[in-house]
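To start, the structure itself, in structure tokens.
Counting starts at 1 for both ligands and their atoms, in listed order. Predicted model only: the values in this text are computed from it and were never measured.
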Amino acid sequence: MRLPRSEALIARAQLSIPGGVNSPVRAFRAVGGAPPFIVRGKGPRIFDADGRHYLDYVCSWGPLLLGHRPPEVVRALEEALAWGTSFGAPTEREVELAEAICECMPSVEMVRLVNSGTEATMSALRLARGFTGRDLVVKFDGCYHGHVDSLLVRAGSGMATLGIADCAGVPTAFADTTIAVPFNSAAAVEQAFQDYDDRIAAVIVEPVAGNMGCVPPAGGFLEALREITRRHGALLIFDEVMTGFRLALGGAQQLYGIRPDLTTLGKVIGGGLPVGAYGGRADIMSKVAPLGPVYQAGTLSGNPLAVSAGLAMLRYLKAHPEVYRQLDQSTAQLAAAAPEGVTVNRSGSMITFFFCAGPVTDYAEALTCDTRRFAAFFHWLLERGIYWPASQFEAAFVSAAHSEEDVARTAAVIREFFAA
Ligand code: KE4
């Protein structure tokens, strides 16, 4: 499929931006071809520089649970813009967003707003170390928690997409503070505590993994993490940057009934603008400056525009809980389009078609997939006006703006691929 304007734009972009993109997975390196340059979005659709449009199942990598330019968010932004863009001072609006997050996620007794998921996880790790006085952190192969130095170890998302095992530029001393074990293996976590016991500050996990493709937790896995960390005096951190407010109003922790010590958030809570957050037990959060000795700061943290968009999103979701049932039903329709020999994992409106016989319960199994066949799947969809994540190791996202007809057409195009 030729996209002359986008092809010219990516060539131009590469002269001033590494790879022509501001985030690696956007470069289409794993699937080939020039990425469409997007001009605008509306509802479930995005429109590119060559006049084509697509049903969008990337949804800005998760934030756009209500699709592009939902009226409530646009209105909130217009109102906020009339007052100013940034003050570097407290505002009532950021208190309202913090209160909304705490109300929806009871484990979050206090929360600090930042500007990205990476800032959230980086800060949560520092806080866990400061609170426990311990240095080591357990993470899971294939999970991705943003580009935090010490967490770029056996990470998923763009690192899996590009086949980067361990990131250059991360000092060995930093990487050595991370113990990476297989996802869904409580035994491996138990062993890590046998080996390093009172040196482990925290276990950080995507409660439903999305960055090796979608991999839900095995039965009892999250409960085991909760029990093991509590028994060893370590903190349990749920990285809900992707799952928070997407899988349920209370996130994965509501779905699975687990109360983590800390939670990190992003994506949906910004309504498409840059917001991240970390929060949890008040006794832990009380260690954060200016209350305590764990320092974290940010020029644009709690930015009035971003916070207004996020607050409008959360207020809408609180008033319309039926959205989650709709999202689940739409995504189930897509899952039903997969034939034998393809493994579909999904949780709520997160879904991945793995090109292997399966099951896919961890990173090692995800890596057995036929990524060339995934690339063919990706382009089959793109050429037919469906914009899917450009990597086997990413989750696709359905929005509330995708109509029954949109989803039915997408399922039909997927079926055609497998029948071809
Ligand atoms: P950001 O710094 O990109 O806002 O959030 C980092 C992050 C943290 N935790 C989880 C569970 C995440 O999924 C992410 C970011 N997700 C990727 C998509 N898999 C962002 C897309 C990109 O890197 O361009």
Side-chain angles (χ1 to χ4, degrees), residues 17-30 35 38 56-65 113-125 137 139-153 155-162 164 167 183 202-217 237-247 251-253 260 262-278 298 300-301 303 306 309-310 347-352 363 366 387-397:
I17 304 172
V21 292
N22 283 311
S23 202
V25 74
R26 304 176 189 175
F28 278 28
R29 289 292 168 97
I38 304 305
D56 181 13
Y57 289 94
V58 174
C59 294
S60 184
W61 301 99
L64 305 181
L65 192 79
L113 302 178
V114 293
N115 301 285
S116 69
T118 295
E119 268 194 88
T121 57
M122 174 177 68
S123 308
L125 248 57
V137 169
K139 79 172 287 283
F140 295 90
D141 298 346
C143 284
Y144 175 74
H145 304 288
H147 60 93
V148 183
D149 275 349
S150 64
L151 292 179
L152 289 176
V153 172
S157 187
M159 287 188 63
T161 302
L162 297 171
I164 301 173
C167 180
F183 186 71
V203 172
I204 186 167
V205 65
E206 292 180 57
V208 174
N211 287 293
M212 54 182 112
C214 178
V215 179
I237 303 174
F238 268 19
D239 178 355
E240 295 225 41
V241 167
M242 187 182 287
T243 56
F245 296 93
R246 171 161 284 279
L247 298 188
Q253 55 195 268
L262 291 175
T263 297
T264 54
L265 297 165
K267 297 181 191 283
V268 173
I269 66 166
L273 273 75
V275 179
Y278 66 101
L300 293 171
S301 296
N303 172 267
S347 178
S349 53
M350 291 166 57
I351 183 170
T352 299
Y363 192 39
Y387 190 78
W388 202 257
S391 168
Q392 172 68 91
F393 308 110
E394 292 285 0
F397 302 99

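- Ligand 1 lies under 4.0 Å from heavy atoms of S23, V25, W61, S116, G117, T118, Y144, H145, G146, S157, E206, N211, D239, V241, M242, K267, E394.
- The backbone N or O of G62 sits less than 3.5 Å from a side-chain atom of R246, completing a donor-acceptor pair.
- Remark: the E394 side chain and the S157 side chain contain an N/O donor-acceptor pair separated by less than 3.5 Å.
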Under 3.5 Å, side-chain donor or acceptor atoms of residues 262-275 against the rest of the protein: list the pairs with distances, not counting sequence neighbours.
| unit_1 | atom_1 | unit_2 | atom_2 | d |
| --- | --- | --- | --- | --- |
| T263 | OG1 | Q253 | NE2 | 3.0 |
| T264 | OG1 | D239 | OD1 | 3.0 |
| K267 | NZ | W61 | O | 2.9 |

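- Between Y363 and F393, the ring planes are perpendicular. Angles over 60° get that label, and only those under 30° would be called parallel.
- For Y57, the ring pair (Phe, Tyr, Trp, His ring centres under 6.0 Å) criterion is met by W388, H402, not counting sequence neighbours.
- Listed by chain and number, the residues in a side chain to side chain donor-acceptor pair (under 3.5 Å) with S391 are T161 (sequence neighbours excluded).
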